[in-house]
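Just below is one structure, and these are the notes that go with it.
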Amino acid sequence: MRAAVLTRFGAPLAVHEVPDPRAGGGEVVVEVLATLVAPYAEEVFSGRRNYPLELPVIPGPGGVGRVVHAGRDATRLRAGDLVWCDSTVRSRDDALTPDITLLGWSSRGEGGARLARHLHDGAFAARMRVPTENVHPLPARAEDDPARWAALTVYVIAYGGLKAGGLEAGETLLVSGATGNLGSAAVAVALAMGAGRVIAPGRNRAALDLLTGRFGPRVRPVVLSGDEDTDRKAMSEAAEGPVDMVIDLLPPAAPTSAVRAAAMTVREFGRVVLMGGVGMLDGAALALPYPWLMRNSVTVRGQWMYPREANLGLIRLIASGALDLAPERVRPFPLDAVNEAVTYAAAHGGPFTRTVLTP
């Protein structure tokens, strides 16, 4: 089969023939129809993000595909089924704290690295090998536009964070990083889940206008000034009431002051979920006042990726029409144009803009 291979950090991906993957016990081989190219993929492939990839590797986290072969443990999947392949792979020998790897993308700790050596490659290929529990059937209408459904890669992360924070219908949510690719997805998912109001701070006025144009008055935009106290006051005023939950999805380059300004808008007994990348690139550590946390009984939770059941929940949200993928701006690229796709994605990382490989 043909695949895009990262052989050296800083070098272009090389597209060439590689052996077809073979499914072992508890695994499925899937023909890849569409996979998302993240806006920050170039940062990963250049080495700037310092992801623990062992080269050479076929990158690409997750995708939409068609089952080629299912192992004997699969009782429902059949060859030809259209499926979503979740990239978040968990070890099966520790239910309490499983090791995690993201297929063809990243891993956590030595256990995650060992898992990545077994399930090494991702979706930038004609076929990929996936654990059975990571394969989820899609509704029949996904057949019409698999590339659009590849946006699940982004939406499931946002959905997992909102579920981790216990977002309930009617609540007010503040999305720190709302104008980004992932943050805007969180705005859309929160509204689909029934959030009464979403505070959307950002510096990009065009992106804020896009959010309010798509979702109307339930989205309250806030143009940030960069001054922590001023921005905290503006976000609190936009809520016109208590902020029940804050989710942070800011990228590594963002200052910790922006995270803190957003987090400290939350009400007494409120929840803060941290899912962004601030501090990953040797930036300053996030500091939150101990007395404020304690006296206001604020819950702060970190969340990396999402639980397995989030995939099913998100697919149901889309299938029901509560979350609409129609407005997605999708730019497909063939596998041979993978390097052009990476460059395009880096320049087009705004809200609801998806760069997709169609191997």
Side-chain angles (χ1 to χ4, degrees), residues 1-32 35-38 40-63 65 67-74 83-136 153 156-157 160 277 280 304-308 311 335 338 342 357 359:
M1 70 172 185
R2 290 178 65 74
V5 183
L6 181 65
T7 58
R8 177 173 59 85
F9 288 115
L13 295 171
V15 180
H16 55 74
E17 292 288 331
V18 300
D20 282 2
R22 294 187 176 183
E27 296 173 349
V28 177
V29 171
V30 174
E31 176 191 12
V32 181
T35 178
L36 204 70
V37 181
Y40 62 90
E42 189 276 333
E43 296 177 28
V44 175
F45 302 153
S46 68
R48 292 203 303 278
R49 285 225 176 184
N50 199 29
Y51 277 19
L53 288 168
E54 295 189 10
L55 307 184
V57 64
I58 300 169
V67 173
V68 175
H69 172 76
R72 293 181 179 179
D73 66 317
V83 294
W84 161 246
C85 299
D86 174 21
S87 67
T88 304
V89 178
R90 295 168 177 82
S91 59
R92 296 165 173 163
D93 53 355
D94 188 340
L96 183 62
T97 56
D99 290 305
I100 294 178
T101 189
L102 308 183
L103 284 172
W105 205 247
S106 185
S107 60
R108 185 183 67 189
E110 176 54 30
R114 290 177 59 190
L115 192 58
R117 293 181 195 117
H118 170 60
L119 287 158
H120 187 59
D121 296 319
F124 287 12
R127 294 183 175 187
M128 68 185 300
R129 179 170 60 104
V130 189
T132 306
E133 64 268 25
N134 285 55
V135 178
H136 304 274
T153 300
V156 72
I157 297 172
M280 281 178 52
W304 189 43
M305 303 305 285
Y306 44 85
R308 179 189 173 207
N311 292 280
L335 184 62
V338 62
V342 171
L357 274 186

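Note that the structure is predicted; figures quoted are calculated from it, not measured.
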- [ ] State, to 0.1 Å, how close Leu13 and Pro59 come at their nearest heavy-atom pair, and which atoms those are.
- [x] CD2-CG, 4.1 Å
Open item on the list: Determine whether a donor-acceptor pair (N or O, by modelled atom type, separation under 3.5 Å) exists between the side chain of Thr35 and the backbone of Gly62.
Closed with: yes
Open item on the list: Working to the nearest 0.5 angstrom, can you tell me the gap between Arg2 CZ and Glu17 CD?
Closed with: 6.0 Å
- [ ] Could you pull out all residues at least two apart from Pro12 that satisfy side-chain contact (heavy atoms from CB on, under 4.5 Å)?
- [x] Asn339
Open item on the list: Restricting to non-hydrogen atoms, name the atom on Leu36 and the atom on Phe124 that form the minimum distance, rounded to 0.1 Å.
Closed with: O-CE1, 3.9 Å
TODO: With sequence neighbours excluded, tell me which residues meet salt bridge (charged side-chain N to carboxylate O under 4.0 Å, His left out) with Arg114.
DONE: none
Task: Rounded distance [0.5 Å steps], CE in Met305 versus CG in Leu102 - done: 4.5 Å
Open item on the list: Applying salt bridge (charged side-chain N to carboxylate O under 4.0 Å, His left out), can you list everything that pairs with Arg48, at least two apart in sequence or on another chain?
Closed with: Glu42
- [ ] Please report the closest heavy-atom contact between Met128 and Ala123, naming both atoms and the distance.
- [x] SD-CB, 3.7 Å
Task: Counterpart residues, side chain to side chain donor-acceptor pair (under 3.5 Å), relative to Glu31 (two or more places apart) - done: none
TODO: Apply side-chain contact (heavy atoms from CB on, under 4.5 Å) to Glu27 and list each qualifying residue two or more places apart in sequence or on a separate chain.
DONE: Ala23, His118, Leu119, Arg129
TODO: Scan Arg90, Arg308, Arg92 and name whichever one has a side-chain hydrogen bond (donor to acceptor under 3.5 Å, both in side chains) with Glu133.
DONE: Arg92
Task: Test side-chain contact (heavy atoms from CB on, under 4.5 Å) applied to Ala125 - qualifying residues, sequence neighbours left out - done: Met1, Ala3, Ile58
Task: Partner residues of Thr132 under the side chain to side chain donor-acceptor pair (under 3.5 Å) criterion, sequence neighbours left out - done: Asp73
TODO: Specify the closest pair of heavy atoms between Ala11 and Leu6, including all atoms of both residues, with the distance to one decimal.
DONE: O-CD1, 3.9 Å
Task: His120: partners by side-chain contact (heavy atoms from CB on, under 4.5 Å), with sequence neighbours left out - done: Glu54, Val57
Open item on the list: Between Val44 and Leu53, does the side chain to side chain contact (heavy atoms under 4.5 Å, CB included) criterion hold? Intermediate values first, please.
Closed with: CA-CA 9 Å; Val44 175; Leu53 288 168; 3.9 Å; yes
Open item on the list: As an exercise, state the distance from CZ of Arg127 to CG of Asp20, rounded to the nearest 0.5 Å.
Closed with: 5.5 Å
Open item on the list: Applying salt bridge (Lys or Arg N to Asp or Glu O under 4.0 Å) as the test, list every pair that has at least one member in residues 93-105; sequence neighbours left out.
Closed with: none
- [ ] Name all residues meeting the side chain to side chain donor-acceptor pair (under 3.5 Å) criterion together with Arg8; count only those two or more places apart in sequence or in a different chain, and write none if there are none.
- [x] none
Task: Sequence-distant partners of Glu110, side chain to side chain donor-acceptor pair (under 3.5 Å), two or more places apart - done: Arg117
Task: Results of salt bridge (charged side-chain N to carboxylate O under 4.0 Å, His left out) for Arg49 - residues two or more places apart only - done: Glu43
TODO: Please round to the nearest 0.5 Å and tell me the distance separating atom CZ of Phe45 and atom OG1 of Thr7.
DONE: 11.5 Å
Open item on the list: Quick one: does any side-chain atom of Thr101 pair with a main-chain N or O of Ser106 as donor and acceptor, under 3.5 Å?
Closed with: yes
Open item on the list: If I take atom CG from residue Asn50 and atom CZ from residue Phe9, how far apart are they, to the nearest 0.5 angstrom?
Closed with: 8.0 Å
Task: Residue pair Gly63 / Trp84: nearest heavy atoms and the distance that separates them - done: O-CE3, 3.2 Å
Open item on the list: Testing the basics here: between Leu115 and Ser91, what is the closest heavy-atom pair and its distance to 0.1 Å?
Closed with: CD2-N, 3.7 Å
TODO: Pick out which of Val89, Asp86, Thr88 makes a side-chain contact (heavy atoms from CB on, under 4.5 Å) with Leu103.
DONE: Val89
